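I have placed the structure first, in the form of structure tokens, so that the comments after it can refer back to it.
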Amino acid sequence: MLIIEAVAELGREGVLPLGIDAEATRITVEPPRDPQHGDMSTNAAMVLGKRTGTRPRDLANALAGKLSRDSRVATTEVAGPGFLNLRLTNDSWRRAICSALSEGSRFGRPNFGEGRRVNVEFVSANPTGPLHVAHARGAAFGDALANLLAFAGHEVTREYYVNDGGAQVDVLARSAYLRYLEANGASVEFAPDGYPGTYLIPVGEALKDLYGTRFVDRPETEWIDRFREFATNAMMDIIREDLSALGVRMDTFFSERALYGTDRIEAALRELDSRGLIYSGKLAPPVGRAQEDWEPRQQTLFRSTEHGDDVDRPIRKSDGSWTYFAPDIAYHFDKIERGFDELINVFGFDHGGYVKRIRAVVDALSGGRIPIEIKLVQLVRLLADGKPVMMSKRSGTFVTLRELVDEVGADVTRFVMLTRKNDVALDFDLEQVRHQSRDNPVFYVQYAHARIQSVLRKAGNAGFDVNDPALSRADLRRVGHDAEFALIRKVCEWPRLLDLAARNREPHRIAFFLSELAGTFHSLWNRSKAEPSLRFLQQHDPEGTNARLAVCRATGIVISSGLCILGVTPVDEMR
RNA sequence: GGCCCCGUAGCUCAGCAGGAUAGAGCGACCGCCUCCUAAGCGGUAGGCCAGUGGUUCGAAUCCACUCGGGGCCGCCA
């Protein structure tokens, strides 16, 4: 927050004459948990007192003397072991609202990204079928994180790694072949590891339209390449549509298959080899698990233990072919070569075992220069009538992203998916979001925004100028009630919250904050029923109305930009 | 056996780059619509922050261990 910055600087200035290093990093200036303690609180005296051997309370008093001369500081108070509590003048708060109005959707934007290029890889589901509910969480999280980082000044690339090179797409091709035979009138039976989902039926029909009976009863070698490519493309079309239904648009789809036969994999391995990280050897059998059938085999290994992994990882099978890990190495090498300053991967929790080796690869290939963060997204349980909805991929009846979005809408899906930190399991209660009530956090926030828009519409119709430039000139001395200041203070928390959310890669904080802000707004709204002086629109008092409209609009700006970061549409009215 | 996540009010969860008396919603109880959307709001009750040690002026927050719950791990991707 601007005010925090200002106070922090003042704090340093105030401390300097006392001969203390201003770069003391453990000094914090933040709003205290208990508002009774003022608007801002700093532990500076306690931290510095320790260093200099001065009594914290004496230091705090000295600081208070300096700070109380600033025009923005209303009162200072030394409390507890040496906290210095500041109360800002009402004008400081009013100025913050004005700056919110003049900055509009840029209000609160942290700029620590400084144009750094960040690659956010997310979803990256195998192209073997439609996206399901867990992917929806990864998509909502990854996209919101990308928005958040972009908002904080990063140059963000959203990327999807298409695993179209492994055995699973052969299985897909065979399943598509069965549907193709079916379209040609045969009766078929799926292998236990096949993909029996009905989404391949149209693919089989399309293949029949394309090839007629040409590949019926022909050996696999004749059709597998064509069928794999056709089916994979069809699946990626479905996945793109699924993402689009959720409002997610990728910048890049990176094909694993495209790495093969181009020397890309070999080049990445040469790079590792040049760093002495490739060797031929045998892995020890895993401890503590059934190992009767363990046969040590000679294979090519990556010395990932040099970079923090628990064991070295195979990159060639004993028959000389690549493991799935080999193209992963090449893929991350490619990202590094594309010049990103930072990599972020969003994985499902079932990929927790790959975190260390991916980190090791990036660390090794970039010589430790490119930071990579891997965010694991925990599982989602859908609840209907308070009971988990059964999701079975095997039977082909798993709940798809599309079904969920069709049922509750993209906005609800995204918001609810972001009401938990990424690494905590999430219960998605279908019943809850069907109700338009306080239970439904999406509704609650949307409702606040709709009320704000409604007020502004009515004000506009009544002849008030509700454009931001006009409102930013409002005389905010006309607002001063506690309930109004509660809202103003909440709005002013936005920049600090954004900064924390972006630095910690925690978009869920925005969802929680918006709920709180909406609550503060609804509270003021209802106070006005008992106290008509709090009502926004008052025809007989145009100047006061302008001032209250300014606060109202500032709240709307924050809700709107918060929702946009989450990828949720701010609505103007409830229907 | 190893690794990852979690354990905070009856329930669902915030808070965790250490800070003062631990917060919110739901549920329970008591209230509030001649007035911009009551699809809402106010109030009351409710806690050994799993446990034990450690670091610190100060720990729900950091570290170690223990106990509980969930998940992942073998040239399958």
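Computed from heavy atoms alone, side chains included, the values below leave out hydrogens, waters and symmetry copies. Since we're looking at a predicted model, the values are computed, not measured.
In terms of position on RNA chain B, the residue among A/Arg527 and A/Leu376 whose nearest nucleotide sits closer to the 5' end is A/Leu376. Mapping A/Asn85 and A/Asn126 onto RNA chain B by nearest heavy atom places A/Asn85 at the nucleotide closer to the 5' end.
Contact annotation: A/Ser454 side-chain N/O to B/rU37 OP1/OP2 distance is under 4.0 Å. Checking the phosphate oxygens (OP1, OP2) of B/rG15, a side-chain nitrogen or oxygen of A/His508 falls inside 4.0 Å. Between B/rA38 and A/Arg451, a contact under 4.0 Å exists linking OP1 or OP2 to a side-chain N or O. The side chain of A/Tyr444 contributes no N or O atom lying less than 4.0 Å from OP1 or OP2 of B/rU37. Residue A/Arg420 has no polar side-chain atom (N or O) positioned under 4.0 Å from OP1 or OP2 of B/rC5. Within the 4.0 Å cut-off from OP1 or OP2 of B/rG15, not a single side-chain nitrogen or oxygen of A/Lys421 is found.
Residue A/Gly352 is out of contact with every strand shown, counting any heavy-atom pair closer than 4.0 Å. At a threshold of 4.0 angstrom between heavy atoms, the contacts of A/Ser523 are confined to the sugar-phosphate backbone, with no base atom among them. Residue A/Arg316 is out of contact with every strand shown, counting any heavy-atom pair closer than 4.0 Å. Residue contacts shown for A/Leu379 are absent, as no nucleic acid heavy atom lies under 4.0 Å away. Looking at heavy-atom distances under 4.0 Å, A/Thr419 makes no contact with the nucleic acid at all.
Using C1' as the reference atom, B/rA59 and B/rG15 are 14 Å apart when rounded to the nearest Å. B/rA45 and B/rG23: their C1' atoms are spaced 16 Å apart (whole Å). Taking atom P on both B/rA22 and B/rC26, the two are 22 Å apart, rounded to the nearest angstrom. B/rC16 sits 12 Å from B/rU8 when the C1' atoms are compared, rounded to a whole Å. For the C1' atoms, the distance linking B/rG46 with B/rG10 amounts to 9 Å, nearest Å. Rounded to the nearest Å, the gap between the C1' atom of B/rU12 and that of B/rG7 is 14 Å. Taking atom P in both B/rG54 and B/rC76, the straight-line distance is 50 Å, to the nearest Å. Separating the C1' atom of B/rA9 from that of B/rC5 is a span of 23 Å, rounded to the nearest Å.
With both pairing distances under 3.5 Å, B/rC57 is matched to B/rG19 as a Watson-Crick or G-U wobble pair.
Distance from the side chain of A/Leu500 is smallest for B/rA17 among the nucleotides B/rC3, B/rA17, B/rC75. Comparing B/rA39, B/rC36, B/rC13 by their nearest atom to the side chain of A/Ser528 picks out B/rC36.
A salt bridge between A/Asp225 and A/Arg228 is present, with a side-chain N of the basic residue lying under 4.0 Å from a carboxylate O of the acidic one. The existence of a salt bridge linking A/Arg496 and A/Glu493 is excluded, since no basic side-chain nitrogen approaches an acidic carboxylate oxygen closer than 4.0 Å. Salt-bridge annotation for A/Asp541 and A/Arg548: present, with a side-chain N of the basic residue lying under 4.0 Å from a carboxylate O of the acidic one.
Side chain of A/Arg505 to backbone of A/Ile344: no donor-acceptor contact under 3.5 angstrom is found. No donor-acceptor pair under 3.5 Å is formed between the side chain of A/Ser318 and the backbone N or O of A/Gln298.
The glycosidic torsion of B/rC33 lies within 90° of 0, placing the base in the syn range.
A donor-acceptor contact under 3.5 Å is formed by the side chain of A/Ser41 with the base of B/rA20. Checked by distance alone, A/Ser321 brings no side-chain donor or acceptor within 3.5 Å of a matching partner on the base of B/rC75.
To the nearest angstrom, P of B/rC4 lies 8 Å from CG of A/Asp310. Atom CG in A/Leu426 sits about 15 Å away from atom P in B/rC6, given to the nearest Å. Distance CG (A/Leu487) to P (B/rC41): 14 Å, rounded to an integer number of Å. If you measure from atom NZ of A/Lys458 to atom C1' of B/rC35, you get 12 Å, rounded to the nearest angstrom. For the pair A/Phe512 CZ and B/rC16 P, the interatomic distance rounds to 12 Å; values are reported in whole Å.
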Quick one, A/Gln378 with A/Lys421, criterion side-chain contact (heavy atoms from CB on, under 4.5 Å). Give me CA distance, side-chain angles, the key distance, then yes/no. CA-CA 9 Å; A/Gln378 260 283 16; A/Lys421 198 173 172 212; over 6 Å; no
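In this structure, A/Phe521 CZ and A/Asn526 CG are separated by 10.0 Å, a value rounded to the nearest 0.5 Å.
B/rG40 has no stacking from A/Trp525 on its base ring, since the centres under 5.5 angstrom apart and planes within 30 degrees of parallel are not both found.
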